[in-house]
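Side chains included, hydrogens not; waters and symmetry mates left out as well; all remaining heavy atoms used. Numbers restart at 1 for each chain; the letters A, B, ... are given by sequence-line order, proteins then strands.
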Amino acid sequence: MAIDTKKCVGCSDCVVACQTENNVPIGFCRDWVTETVDGTYPNVSIELRTERCNHCDNSPCVRCCPTGASHFEDGGIVLVTHGECIGCGACIQSCPYEARYSHPDGYVDKCTFCIHRVRRGEKPACVSVCPTNCMYFGDLEDPNSEIVNVLKNRKFKTLAPEAGTKPQIFYLV
Amino acid sequence: MKTRRDFIKISALGLGATAVAGGITKMVFGSDAKKMFIEPDDSAQQLKRYPTYCEVCFWKCAGWAYVNEEGIVTKITGNDDDPQCNGRLCSRGTGGVGMVNDPDRLKKPLIRDIKDGKQTYREAGWEEALDYVASKMKDIAAKHGPESMALFYHGSSGHYFSHLLNAYGSTNTAAPSFAQCRGPRDVGLEATFGESISSPEVTDIRDTRCLVLIGSHIGENMHNGQVQEMSSAIDKGATIITVDPRLSTAASKAKYWLPIKPSTDIALLLAWINVLINENIYNKEYVAANATGFDQLKQHVAAFTPEWAYGITTIEPEKIRATAREMAAAAPAVIIHPGRHVTWYGDDVQRTRAIGILNALLGSWGNRGGFFYKEGFKLPEFPHPEYPKPAWNWHETLEGRYPLANMAVTTTIMEASIPKEGRDKNIKGWIVSGTNLPMTIPNKELFKKAVQSLDLLVVVDTMPMEITGYADVVLPECTYLERYDDIRDTAHREVTLALRMPAVEPMYETKPAWWMAKQIGDRLGLGAYFNYKDFKDVLEWQLKQAGMSLDEMQKIGVKKLPRTKPVYAADGVPMEFKTDSGKIELYSKKLEEAGFDPMPVYTPHPEPQEGYYRLIYGRAPMHTFSRTSNNANLVALMPENAIWVNPQVAGIWGLKKGQYVWLKNQDGVISTFPAKVRLTERIRWDSVYIVHGFGHSYEKLKNAYGRGVNDTELITNVAIDPIMGGTGMRGNFVTFLTEDPGKEAKA
């Protein structure tokens with residue numbers, strides 16, 4: 001996934017769309033928006049950014065899960081099998097992005113990239129709803145995909161690269 | 001480990017979302033939270049969808065409401081065929097589920113009653129409530145004439161009640177969207193181009209090369225189509241210029257941000273006009289062909305140089321020149337956006353005139369990337385007898401003021417509700433539909449006095465808002481997801497019709513507004529005006545007349561129709577304007593004849609005294625006015641407003657991030673509730689900023705009560721626009737109170 005910080009207006013539509021698509025209980029969320037402000041008035045700039053699980057290639061959450069509930073699905077999406085999760089919270093501790101939460105039903109929950117939608121050929125709910133079209137979702141291994149094309153032509157960054165997790169969400173700056 | 005689960009992690013905002021959001025879970029779902037959880041894959045198969053168009057704001061995006069097997073609306077998505085949203089609703093539209101599922105909704109009709117010597121509401125059946133309203137309306141008509149009933153409205157339901165009042169004999173129907181919002185814009189543009197830019201606006205942002213925003217914060221005001229088009233313009237490399245005392249979200253995306261001193265916009269606009277003319281970079285051909293009054297304008301602005309404006313606006317002359325040149329280079333694909341909520345300083349028509357003149361000099365009106373020609377398709381009106389001619393109308397309430405007001409002015413209808421010696425044209429009863437007047441109309445004293453003078457106040461709403469507390473009768477309306485309404489037929493770039501149908505049956509004992517209006521009409525002997533059983537019959541009839549069908553609309557939600565007229569002015573075809581001269585009026589004879597400046601002039605406005613800061617208010621993308629502040633899905637995103645304070649100012653006052661403070665205005669009015677301080681470099685030193693719509697004082701709004709500062713109660717200095725009666729609301733100054741003033745008073 002790639003997210004264009006030059007277009008995001010921080011409206012949080014992605015948060016509500018995720019919630020209503022995935023029945024995330026109110027008070028919890030799988031994605032959220034951050035704002036950072038730099039400089040002093042009037043030489044000031046801001047960056048708005050929607051964040052979620054980075055579906056890291058080198059995922060500490062998958063590594064530390066004692067039951068195997070946290071796992072890689074085919075294609076690289078990191079998922080939690082709710083039935084296998086004992087809610088120990090080790091993964092919550094290990095995630096440098098604070099992307100996971102304890103669901104009131106006793107398991108750990110987080111972004112699935114809306115895999116149920118992706119399997120139907122749709123985009124994740126957050127990507128589909130964004131009024132600014134600031135999110136790109138697709139196959140990073142397909143050289144002809146829109147996302148590869150975007151990443152070829154724009155500067156981008158990842159979050160907390162120093163954690164060595166190889167995050168798979170790229171922020172266009 | 002940090003505990004995370006702030007709902008929206010806007011770090012600099014410092015929202016205490018963790019605690020707040022946790023509380024909401026209990027309120028909404030209680031112990032049923034577990035039952036609500038359905039695996040997405042399963043739910044996808046169970047959901048049925050119904051077409052609707054959104055009513056959370058006025059943009060009215062078309063979408064689909066998804067309902068699960070238990071009959072609960074679980075999600076709402078945009079309709080791909082709707083050019084107003086392109087399949088993408090905004091946060092509020094997506095969060096519309098929180099409106100229908102709000103446990104605090106009005107559930108039964110209420111009638112004001114006296115119990116143990118105290119005024120209270122008692123629940124009533126529909127028959128009794130409607131009989132009560134009809135009998136009071138009959139009394140008013142008999143005693144004072146039907147003209148003494150007025151309507152205040154916002155949104156789709158207003159139409160049914162204006163139809164009711166028109167049939168009954170009154171045309172005193174007023175919307176705050178005129179005198180409290182976009183009226184000055186519309187009047188200013190009509191005086192210039194002969195027409196305004198409608199809603200949704202005819203701004204061709206998608207194809208513009210230069211977008212100039214003056215106080216308009218697209219992205220924070222979540223006018224969906226405009227936000228989408230601004231994003232697309234960013235993709236295409238358009239230049240964005242923003243003029244704002246605050247680094248708005250749009251300003252943060254802009255090539256130029258002009259951090260103007262508040263209230264000086266007209267000086268900047270005049271200097272821009274001066275540069276275009278002096279540097280000879282205006283669109284000469286366009287102006288020669290289409291405009292009148294250029295020579296007078298040239299003479300008028302000769303002295304308004306960038307150097308002159310610098311002293312007023314604090315914007316450097318070179319920046320004024322550079323931005324004017326950017327506009328000229330992009331012309332005619334340039335938009336100086338006339339904004340929407342423009343009731344600021346009382347000379348708002350004139351500011352819009354300056355914006356109109358600037359657009360005219362650049363030739364953007366009628367051109368790609370500027371302002372396009374809208375087109376819509378009107379369905380035939382359902383037949384009804386002719387309306388009676390009222391003996392008087394809202395013009396009388398102007399009492400000779402506001403000569404260019406072309407819609408009813410809310411505040412003069414209120415004035416006419418307060419008896420005055422020697423005046424026989426008085427308002428005695430109100431129907432208020434979908435507008436929370438106490439948080440909309442500045443000058444609370446006027447509102448309160450007017451309300452106290454009424455014989456009848458009927459409030460129609462989905463939620464117990466402040467206005468419902470003043471009502472004699474409260475009629476609980478079902479939400480937009482539970483009813484049929486008029487077909488959406490707004491004119492825009494593409495011609496479309498959109499259907500709203502019930503996704504679920506009305507919850508509790510709520511009813512659609514069309515039903516209420518019909519029931520009251522029947523009781524008043526006006527049945528001939530409501531000659532249908534169900535509003536569905538009306539839609540079926542209307543669509544059939546136009547060769548369409550309700551069945552088809554139920555399947556597609558949005559129907560696109562072909563355009564019959566061009567979107568832009570064609571080469572070689574003379575442009576037509578609906579002004580008196582048939583041309584764009586740079587010099588307005590109409591204004592001159594009415595006793596106003598024919599061309600805009602800059603007038604200085606009051607400035608804050610030491611220790612006071614200008615109160616600027618605006619919008620957040622996840623809320624609409626004061627109407628969404630109880631919606632659990634949206635409260636989770638933004639539970640309360642914060643007071644934006646420049647860190648230097650905070651240093652003087654010793655204010656800390658997240659500290660709750662009260663605001664006191666220049667007239668000594670103190671906010672009922674406090675709000676958190678947000679320290680941010682995004683705001684000037686001479687101003688504070690809050691998002692409008694918070695600080696509800698009605699306890700029945702469990703999520704919204706007491707959260708944040710209500711800007712409207714601090715707006716006691718109102719600068720009336722003498723041209724059309726708009727209520728300028730940006731001339732109020734506030735200071736901080738760090739101790740609870742309530743405690744002080746008690747001590």
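- Between B/Ala632 and A/Ile26 the shortest heavy-atom distance is CB-CD1, 3.8 Å.
- Counting heavy-atom pairs closer than 4.5 Å to chain A, the top residue among B/Gly87, B/Cys90, B/Gly95, B/Ala251 is B/Cys90.
- The CG atom of B/Leu637 lies 9.0 Å from the SG atom of A/Cys14; values are rounded to the nearest 0.5 Å.
- Between A/Cys11 and B/Met222, the closest heavy-atom pair is CB-SD, 3.8 Å.
- When heavy atoms are compared at a cutoff of 4.5 Å, A/Thr50 does not approach chain B at all.
- Of residues 128-161 of chain A, those residues lying under 4.5 Å from chain B by any heavy-atom pair are A/Ser128, A/Val129, A/Cys130, A/Pro131, A/Thr132, A/Asn133, A/Tyr136.
- For the options B/Asp235, B/Leu634, B/Thr77, heavy-atom pairs under 4.5 Å to chain A are most numerous at B/Asp235.
- The candidate from A/Asp13, A/Ile46, A/Asn43 with the greatest count of non-hydrogen atom pairs under 4.5 Å with chain B is A/Asp13.
- Of the possible donor and acceptor atoms, one in the side chain of B/Lys253 sits under 3.5 Å from a partner among the backbone N and O of A/Cys8.
- Counting all heavy atoms, side chain and backbone alike, A/Ser12 lies closest to B/Ser91 at C-CB, 4.1 Å.
- Heavy atoms of B/Ile218 lying under 4.5 Å from chain A are absent altogether.
- To the nearest 0.5 Å, the span separating NZ on A/Lys6 from OG on B/Ser231 amounts to 13.0 Å.
- Within 6.0 Å of OH on B/Tyr256 lie more than 12 heavy atoms contributed by other residues, nucleotides or ligands.
- The CG atom of A/Asn23 sits 9.5 Å away from atom NZ of B/Lys75, with the distance rounded to the nearest 0.5 Å.
- For a residue to count as touching a neighbouring chain, one of its non-hydrogen atoms must lie under 4.5 Å from one of that chain's; by this rule B/Arg684 touches chain A with backbone and side chain alike.
- To the nearest 0.5 Å, the span separating OG1 on B/Thr94 from CD on A/Glu21 amounts to 11.0 Å.
- When side chains are defined from C-beta on, B/Ile76 does not count as touching A/Thr20, because their heavy atoms never get closer than 4.5 Å.
- Per-residue heavy-atom pair counts under 4.5 Å with chain B were compared for A/Thr112, A/Asp38, A/Val9, and the maximum is reached by A/Val9.
- Contact check for B/Trp257 versus A/Val44: side-chain heavy atoms found under the 4.5 Å cut-off.
- The shortest non-hydrogen separation linking B/Glu681 to A/Tyr41 is OE1-N, 2.9 Å.
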